[in-house]
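Naming: A, B, ... by sequence-line order, numbering from 1 per chain.
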Amino acid sequence: MSDESDWLRTAFQGSQATSVDEPCPAPDALWALTRGELGEAQARPIVLHSSRCARCGSALRIALEMGEQMAPVFTAPKVIPLRRVRIGLGLGLAAAIAATVIVLPRPRPADPGIHERGGAPEGIRSLVPSTPRSRAGLVLEWSPYPSAVRYQVTLASSDLRVLFQKVGVSGTRVEVPEAALASVPRGSRLVWNVEATLPDGRAIQSAAFDLVVE
Amino acid sequence: MGSARVPASRASADRAAEVRTVLLRAVRHHCPAELRSQTEDLAHTAWLRIVERETGENLTGLEPSYLWRVAFTVVIDEIRRRSARVAQAETLQAGPRAVAPGPELGAEIRSCLERLPEARQLPVILHLQGFRNEEVARALQFNEKRAQNLIYRGLEQLRRCLAGKGLEEP
């Protein structure tokens with residue numbers, strides 16, 4: 001579709017005003033829009049303005065692209081309509097956990113050692129056994145995602161407080177410093193996930209996995 | 001949100017570096033046409049401003065969502081500042097701003113866009129501005145399938161309208 005409409009795009013963009021008479025929305029408003037923080041009534045005038053003002057159109061696209069790369073969002077199964085897909089780690093985790101509760105159980109692979117919530121079965125999988133893990137030398141390990149260039153790993157408590165995060169991981173395992181778990185009581189259940197970055201910049205989220213620390 | 005701080009760590013330093021990389025890339029991709037020649041300089045200047053703005057704070061210790069928001073805000077301020085400067089320079093040089101090919105076609109496109117059903121107008125306009133389907137979907141809070149449908153139908157109608165005026169793909 002885009003190729004066929006290239007000539008229309010060229011003509012349209014060539015005749016578009018760099019800016020319009022009405023004041024441009026504040027950058028914060030554009031950012032909030034792309035984070036799904038605005039209701040439709042607040043969002044629509046901003047999009048309408050951006051459709052007329054090339055400069056704000058560019059700003060909106062920058063916000064959208066930056067937003068795509070932001071903090072991890074945990075993939076929920078497609079049967080759960082999520083209006084806001086990039087609303088930060090806490091709600092992302094909550095969505096993944098909610099998905100576990102709402103979606104009918106699906107057949108699981110014959111690996112009782114792995115606990116996970118949400119996510120596509122063909123995606124990144126946890127390789128951490130489900131038996132309680134020692135906090136000393138805790139290692140998070142996952143299956144590689146095809147063509148991923150790097151990963152970001154986040155470990156959070158069950159109340160969604162981030163305990164440890166590492167970005168730019170080139171391998172498929174990270175060791176969690178014991179100090180990061182200092183506040184975690186023995187026997188606590190923790191949640192973690194992985195985000196793979198592909199060569200074209202796209203990010204692929206794993207399901208939320210859980211584990212218990214001794 | 002802005003006051004929240006977390007202890008600086010290697011992870012947050014990595015995160016700041018990642019924000020910087022993403023910022024540079026996003027500006028490269030979507031910088032307004034009139035600033036395209038200044039893209040690198042613009043992005044670097046914006047990053048320096050982010051660092052300056054957080055004087056007294058450890059940049060790497062900022063809460064991630066705050067850092068992203070600041071990065072975006074600063075780069076947009078910088079883009080607006082520079083765009084205004086370019087516009088001012090063009091005004092001083094008197095002559096009308098050079099417009100890309102097809103200003104008449106542009107006017108006809110706009111006229112046809114006004115005739116589209118309201119639901120299709122905005123998705124098609126954003127598409128013509130260069131937004132990808134998923135970006136249209138996110139901006140309008142649709143799902144991608146709906147955005148794709150509205151764009152497809154809208155473009156079809158737009159082409160028919162233009163054909164009716166004797167304007168077709170060259």
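Once rounded to the nearest 0.5 Å, the distance linking OG of A:S51 with CG of B:L113 reads 9.5 Å. Rounded to the nearest 0.5 Å, atoms CG (A:L60) and NE2 (B:H30) are 10.0 Å apart. The CE atom of A:M66 sits 10.5 Å away from the CZ atom of B:R25 when rounded to the nearest 0.5 Å. Rounded to the nearest 0.5 Å, atoms CZ (A:F12) and CG (B:L158) are 9.5 Å apart. Residue B:L126 holds its CG atom at 8.0 Å from OG of A:S50, rounded to the nearest 0.5 Å.
With a 4.5 angstrom heavy-atom cutoff, B:E134 touches chain A only via side-chain atoms. The part of B:I109 that comes within reach of chain A is its side chain, from C-beta onward, which places non-hydrogen atoms under 4.5 angstrom from that chain. Contact of A:A43 with chain B is made through the side chain alone, with heavy-atom distances under 4.5 Å. For A:L48, the parts lying under 4.5 angstrom from a heavy atom of chain B are both the backbone and the side chain.
Pairs of residues two or more places apart, or lying in two chains, never qualify as salt bridge (charged side-chain N to carboxylate O under 4.0 Å, His left out) while including a residue from residues 121-131 of chain B.
The two atoms that bring A:R55 and B:P32 nearest to each other are CG-CG, 4.4 Å, heavy atoms only. Contact detail for A:V47 and B:A139: the closest heavy-atom pair is CG2-O, 3.5 Å. Counting all heavy atoms, side chain and backbone alike, A:I62 lies closest to B:A26 at CG1-O, 3.7 Å. Closest non-hydrogen pair, B:R69 versus A:E37, comes out as NH2-OE1, 3.0 Å.
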Handout entry: Criterion side-chain contact (heavy atoms from CB on, under 4.5 Å) on A:T34 and B:F72, from CA distance to verdict
Key = CA-CA 11 Å; A:T34 61; B:F72 173 73; over 6 Å; no
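Interface remark: of the candidates B:L35, B:I76, B:T21, B:I76 forms the most heavy-atom pairs closer than 4.5 Å to chain A. Per-residue counts of heavy-atom pairs under 4.5 Å with chain B were compared for A:A59, A:A26, A:A32; the largest is that of A:A59.
Checked against A:E65 for a side-chain hydrogen bond (donor to acceptor under 3.5 Å, both in side chains), the options B:H29, B:R28, B:R132 give a single hit: B:H29.
A:L8 is listed as a side-chain neighbour of B:R159, based on a closest heavy-atom distance under 4.5 Å. Here the side chains of B:L122 and A:R44 are in contact, with some heavy-atom distance below 4.5 Å. In this structure the side chain of B:R80 reaches within 4.5 angstrom of the side chain of A:C56, judged on heavy atoms.
At distances below 3.5 Å, not a single donor-acceptor pair connects side-chain atoms of B:R138 with backbone N or O atoms of A:G67.
Under the salt bridge (charged side-chain N to carboxylate O under 4.0 Å, His left out) criterion, A:R150 pairs with B:E18, sequence neighbours left out.
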